[in-house]
Amino acid sequence: MADATTQQSSRSRDLDKLLLRPGHLVGPAFEPGTELRDDLQKYVRILVVGAGGLGCELLKDLALSGFKNLEVIDMDRIEVSNLNRQFLFRLEDVGKPKAEVAAKRVMERVSGVNIVPHFCRIEDKELEFYSEFSIIVLGLDSIEARSYINAVACGFLEYDSNDNPQEQTMKPMVDGGTEGFKGHARVILPGMTPCFECTIWLFPPQVKFPLCTLAETPRTAAHCIEYAHLIKWDEVHSGKSFDPDNPEHMQWVYLEAAKRAELFGIPGVTYSLTQGVVKNIIPAIASTNAIISAACALETLKIASGCSKTLSNYLTYNGVEGLHTKVTEFVKDKDCLVCGPGILIELDTSVTLKMFIDLVEDHPKLLVSGASVTHRGKNLYMQAPPVLEEMTRSNLSLPLFELMDKFPKGVVHVTGTAGKGDNRQSCLRKLRVAFKGVDGITDTDMAGGA
Amino acid sequence: MAEPKTKYDRQLRIWGEQGQTALEKASICLLNCGPTGSETLKNLVLGGIGSITVVDGSKVENGDLGNNFMVSESSLGQPKAKCVCAFLQELNDAVKAKFIEEHPVTLIETNPSFFSQFTLVVATQLVEDSMVKLDRICRDANVMLIFARSYGLSGFVRISVKEHAVIESKPDHFLDDLRLNNPWPELKEFTENIDLDTSDPVAHKHTPYILILVKMAKEWAKGHSGRLPSTREEKREFKELIKSKMIALDEDNYKEAIEASFKVFASRGISSNLTRILDDTCSEVESSSSDFWVMVAALKEFIANEGGGEAPLEGSIPDMTSSTELYVNLQKLYQAKAEADILVVEQRVRDILKKIGRDPYSISKAVIKSFCKNARKLTVCRYKLIEEEFNSPILPEMQKYLTDEEYSVAVGFYILLRAVDRFSANYNTFPGQFDGAMDEDISRLKTTAVSLLSDLGCNGSTLTEDLINEMCRYGAAELHAVAAYIGGLITRQFVPMRGTFIFNGIDHKSQLLSL
């Protein structure tokens with residue numbers, strides 16, 4: 001039973017102090033007041049990418065930071081090994097989609113918050129889906145997924161004729177990542193602060209064992225496991241591909257690895273290590289996720305409200321020995337293919353969409369194959385799904401100039417796959433197209449209307 | 001209940017079974033279960049802590065719904081401790097969870113012996129006076145204590161315990177223990193049977209760098225009256241010498257040897273850090289000494305005698321280009337030496353225990369083994385009483401922080417976090433807690449901060465108006481995101497933090513202050 005005194009305090013008692021009062025150490029656009037608080041609730045829409053260790057925390061933190069319109073996207077289902085940190089999930093939830101359970105649990109506890117779950121791959125969504133959000137918050141564990149979302153968000157950024165980024169097209173991102181006791185949180189304001197791709201060197205490529213070591217001179221338990229996983233499996237199971245989520249497959253690899261280890265006198269092959277090596281398991285604990293998510297949620301609140309300065313622009317946390325946090329201000333790569341003004345391609349007005357696609361696929365810097373093309377949210381040509389391909393196929397023979405409504409300049413987005421062999425991944429590239437011999441007087445229109 | 005091995009898989013990969021057992025044995029008491037306290041316990045409960053006791057005397061209000069995930073609309077008017085405890089129990093049924101509806105301050109005043117039953121007390125959102133009292137109680141009962149406070153966009157975390165000895169510190173970067181410049185007889189003999197100049201190219205490119213470097217170090221020392229490379233020029237020459245032994249460009253083992261040559265240049269014997277522990281007066285053991293110090297005493301004897309100035313060998317080698325046979329044999333060689341060292345230390349431990357009148361077998365072999373393997377990385381943390389820090393902080397450090405731009409906001413928050421407690425002791429409210437009196441509160445807080453600084457001996461130091469204003473703006477608000485951050489910090493670390501961690505939520509330039 002709530003008595004009279006408990007009714008007195010408002011639910012936003014604590015947050016109000018920050019949102020309703022003026023301050024000296026605040027963002028440039030901070031306008032404190034109840035209107036700000038109400039606007040955060042009403043108009044700000046936040047997308048959380050990933051509903052794992054970081055995602056669960058992020059949804060909770062954002063729901064308790066004054067936001068009411070949240071969405072979450074994740075393609076995974078809940079596993080038992082998630083339960084040591086993904087606190088929104090219970091044993092009986094195992095097997096259910098993470099996004100759906102996470103959204104439901106937070107809504108149950110924080111009334112008034114609406115969370116829309118999306119149980120799918122991030123590539124399955126149209127670009128337009130992402131454009132609807134005020135801020136995109138990333139709680140991911142893969143470089144590829146970060147890279148994709150980064151390209152999508154940077155793809156919305158438009159530049160004026162002087163190559164200055166246009167602020168109203170900027171889609172801020174807040175990115176968190178953890179591994180064991182270490183983590184990072186960063187703020188990406190495309191066009192202003194470095195994007196994920198500008199500082200891709202922060203994520204060194206994963207070391208892989210040379211195949212000849214695995215086959216000829218194995219020395220460690222991991223070598224034996226990778227031999228069983230990468231070489232022996234294919235020799236024995238011709239055609240059947242290895243499924244890391246199938247316990248029988250894992251057991252087979254473990255037993256083969258153990259046999260090989262015994263043959264060579266190598267110690268240390270265990271089932272747990274086999275899983276770790278094959279699935280490239282990153283150790284994870286609750287507290288690091290909590291810290292990084294909280295930093296990300298706080299930055300999201302600050303970007304949305306201006307109630308304090310924002311992180312500039314990369315925070316690292318290390319809790320292995322004592323506790324170290326450090327803020328580094330990285331600089332933008334002005335030639336970045338993703339957040340820069342885009343590669344300029346000059347074309348004759350007669351060039352057809354088909355010719356344009358061939359040109360893009362042959363471009364030495366872009367390295368895109370299977371290209372689909374959109375212009376201002378309109379599909380010009382789509383490789384998939386088949387229905388869309390059929391619908392857009394007739395555009396291939398039309399001049400791109402006409403498809404772009406005869407503007408002398410414009411930005412097109414190309415999606416496809418980049419890289420070779422095992423390294424293939426979805427990519428999105430922004431291209432600036434300029435048509436030769438067309439008067440550029442519409443430049444100013446572009447700046448305003450693009 | 002889920003198979004714990006699977007549930008805890010991702011954390012077992014970090015701290016192993018031993019760490020998990022320690023966690024499952026721990027009993028924790030939480031004082032005040034606002035978001036800062038609740039979030040702390042959440043992380044520990046998920047990890048499988050043994051038991052928790054939540055102490056809070058307040059009832060759930062509307063405002064709590066806005067910052068604490070562990071309470072919901074149906075909890076309004078109910079004891080906060082009860083609601084938070086129920087939610088925490090839901091997270092992990094293996095944890096024993098209970099609550100006590102009582103104000104922590106009352107417990108501190110009336111029932112100090114209450115705290116002695118716990119492994120760790122987590123005290124959140126306490127004011128200075130209570131912190132000082134609780135600190136004394138826990139210090140006397142030898143209970144570990146962690147203070148945490150969230151205040152607007154600032155906060156702090158401070159550990160307090162007389163002594164915390166860490167055996168498995170698992171540091172990030174630590175030089176492996178290969179003894180390349182100080183090989184023991186068996187390694188010497190093994191190396192002597194290897195011909196670096198073999199005419200077989202396959203054998204040549206599969207000789208592990210350990211063997212290459214031990215040989216080269218010996219060769220170098222022969223030509224330099226027993227010394228190893230020490231100047232930059234000599235080190236360069238040494239690398240050139242290794243390079244000259246290559247017979248093909250693709251010999252990865254030689255490239256690795258050049259890269260690892262710094263391991264030859266490293267100094268022999270034990271680190272200054274370990275020396276300090278060996279020289280600690282606690283290593284003069286008596287019947288009441290802790291197991292840790294008994295083992296340190298044995299270690300000291302080992303280093304002075306059988307070890308020949310070195311700690312017990314760690315016994316593992318990193319992966320390196322090699323034939324399987326040589327690698328596996330080397331691995332066995334290192335392991336055998338480590339085992340032998342452990343046996344010697346074990347005997348010394350037993351003898352010492354006997355000498356001080358304790359059961360010689362009261363320390364298990366497994367513990368001694370782990371101690372030996374980690375001997376080079378032992379860490380001892382000691383913490384001042386909080387009262388001592390508050391009354392007489394290390395003045396030169398304080399002055400350094402006050403003038404260093406990197407620290408200015410953090411130390412400002414440190415002073416102001418203390419000033420708000422003085423403020424509340426004087427005026428029965430926190431500065432800026434209520435809307436009406438902002439201007440007056442700002443000037444009062446400024447006066448309080450100035451007099452605090454002068455009490456600490458930092459006359460003439462001032463804090464910026466902006467920060468004082470900012471502190472009043474916070475008005476004692478406990479923000480969820482800040483609380484979650486602070487709560488995350490104190491959950492668990494390998495080597496706990498030393499000093500006082502000040503959270504700076506403005507630009508995240510948080511700092512650890514040693515005062």
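If you're wondering where the values come from, they're calculated on a predicted model, not measured in any experiment.
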J.: Which bit of B:D9 is near chain A, if near means a heavy-atom gap under 4.5 Å: side chain, backbone, both or neither?
T.: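 The side chain, not the backbone.
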J.: Is it true that B:D319 and A:R219 have a side-chain N and a carboxylate O under 4.0 angstrom from each other?
T.: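 A:R219 and B:D319: salt-bridged.
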J.: Counting only heavy atoms closer than 4.5 Å, note whether A:V106 contacts chain B via side chain, backbone, both or neither.
T.: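 Both parts, backbone and side chain.
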J.: Is any side-chain heavy atom of A:T220 closer than 4.5 Å to a side-chain heavy atom of B:Y327?
T.: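 Result yes, sub-4.5 Å side-chain heavy-atom pair found.
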J.: Considering only heavy atoms, which portion of A:N318 lies under 4.5 Å from any heavy atom of chain B: side chain, backbone, both, or neither?
T.: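 It is the side chain, since no backbone atom gets that close.
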J.: So for A:K182, is it side chain, backbone, both, or neither that comes closer than 4.5 Å to the heavy atoms of chain B?
T.: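 Side chain only.
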J.: At what distance, to the nearest 0.5 angstrom, does CG of B:D507 lie from OG of A:S312?
T.: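 Reported to 0.5 Å precision, the distance equals 8.5 Å.
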J.: At a 4.5 Å cut-off on heavy atoms, which part of B:V45 comes close to chain A: side chain, backbone, both, or neither?
T.: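 Neither part.
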J.: As an exercise, state the distance from CZ of B:R10 to CD of A:Q86, rounded to the nearest 0.5 Å.
T.: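 Taking CZ in B:R10 and CD in A:Q86, the distance rounds to 9.0 Å.
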J.: Which region of A:E299, side chain (C-beta onward) or backbone (N, CA, C, O), has a non-hydrogen atom less than 4.5 Å from a non-hydrogen atom of chain B, or is it both or neither?
T.: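 Only the side chain of A:E299 comes within 4.5 Å of chain B.
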J.: Can you tell which part of A:H223 gets under 4.5 Å to a heavy atom of chain B, answering side chain, backbone, both or neither?
T.: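 Contact with chain B is through the side chain of A:H223 alone.
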J.: What part of B:L467 is in contact with chain A, defined as an atom under 4.5 angstrom from a non-hydrogen atom: side chain, backbone, both or neither?
T.: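 Both backbone and side chain.
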J.: So how far is it from A:N84 CG to B:Q20 CD, rounded to the nearest 0.5 Å?
T.: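 Answer rounded to 0.5 Å: 8.5 Å.
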J.: Please check if the side chain of B:R473 supplies one atom and the backbone of A:L18 the other of a donor-acceptor pair under 3.5 Å.
T.: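 The answer is yes, because a donor-acceptor pair under 3.5 Å joins these two groups.
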J.: Within the structure provided, determine whether A:R90 and B:L91 are in side-chain contact (heavy-atom separation under 4.5 Å).
T.: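 Of all side-chain heavy-atom pairs linking B:L91 with A:R90, at least one is under 4.5 Å.
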J.: Any idea which heavy atoms bring B:G63 and A:D14 closest together, and the distance?
T.: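 Looks like O-OD1, 4.2 Å.
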J.: Can you tell me which portion of A:P22 sits under 4.5 Å from chain B's heavy atoms? Options are side chain, backbone, both or neither.
T.: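 Backbone only.
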J.: When heavy-atom pairs shorter than 4.5 Å are enumerated against chain A, which of B:T321, B:I506, B:L512, B:N92 gives the highest number?
T.: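 Going by pairs under 4.5 Å, I would pick B:I506.
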J.: Distance-only, no hydrogens or angles: does the A:R109 side chain make a donor-acceptor pair with backbone N or O of B:M70 under 3.5 Å?
T.: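 Judged by distance alone, yes, a pair lies under 3.5 Å.
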J.: For each of B:V71, B:L326, B:N329, B:T464, tally heavy-atom pairs with chain A at distances under 4.5 Å, and name the one with the top tally.
T.: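 Top option by heavy-atom pairs under 4.5 Å: B:V71.
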J.: Using non-hydrogen atoms and a 4.5 Å limit, figure out which bit of A:I281 sits close to chain B: side chain, backbone, both or neither.
T.: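 Contact with chain B is through the side chain of A:I281 alone.
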J.: Considering non-hydrogen atoms only, spot the tightest contact between A:T217 and B:S322 and give its length.
T.: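 Heavy-atom minimum between the residues: CB-O, 3.5 Å.
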J.: Side chains of A:K309 and B:L153: closer than 4.5 Å at any heavy-atom pair?
T.: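 Result no, sub-4.5 Å side-chain heavy-atom pair not found.
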J.: Measure B:M320 against the heavy atoms of chain A and call it side chain, backbone, both or neither at under 4.5 Å.
T.: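 Backbone only.
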J.: Which answer fits A:L20, side chain, backbone, both or neither, if we ask what part of it has an atom under 4.5 Å from a heavy atom of chain B?
T.: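 Neither part.
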J.: Identify which part of B:Q511 has an atom lying under 4.5 Å from any heavy atom of chain A, answering side chain, backbone, both or neither.
T.: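 Contact with chain A: none, neither part.
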J.: Counting distance only, does the side-chain N/O of A:R13 pair as donor-acceptor with the main-chain N or O of B:N62 below 3.5 Å?
T.: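 No.
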J.: Non-hydrogen atoms of chain A under 4.5 Å away: do they reach the side chain of B:L65, the backbone, both or neither?
T.: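 When you check distances to chain A, atoms from both the backbone and side chain of B:L65 fall under 4.5 Å.
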J.: Considering only heavy atoms from C-beta outward, does the side chain of B:K42 approach that of A:K60 to under 4.5 Å?
T.: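 The answer is yes; the side chains approach within 4.5 Å.
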J.: Considering only heavy atoms, which portion of B:N68 lies under 4.5 Å from any heavy atom of chain A: side chain, backbone, both, or neither?
T.: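 The backbone, not the side chain.
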J.: Counting only heavy atoms closer than 4.5 Å, note whether B:Q11 contacts chain A via side chain, backbone, both or neither.
T.: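 Both parts, backbone and side chain.
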J.: Report the distance from atom CZ of B:F69 to atom CG of A:L59, rounding to the nearest 0.5 Å.
T.: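 Those atoms lie 9.0 Å apart.
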J.: Taking CG in B:D250 as the centre, count heavy atoms belonging to other residues, nucleotides or ligands within less than 6.0 Å. Is the count above 12?
T.: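 More than 12 heavy atoms, drawn from other residues, nucleotides or ligands, come within 6.0 Å of this atom.
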J.: Using non-hydrogen atoms only, which part of A:S12 is less than 4.5 Å away from chain B: side chain, backbone, both, or neither?
T.: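 Interface part for A:S12: neither.
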J.: To the nearest 0.5 Å, what is the distance between CG on A:L25 and CG on B:N469?
T.: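 Result: 7.5 Å between the selected atoms.
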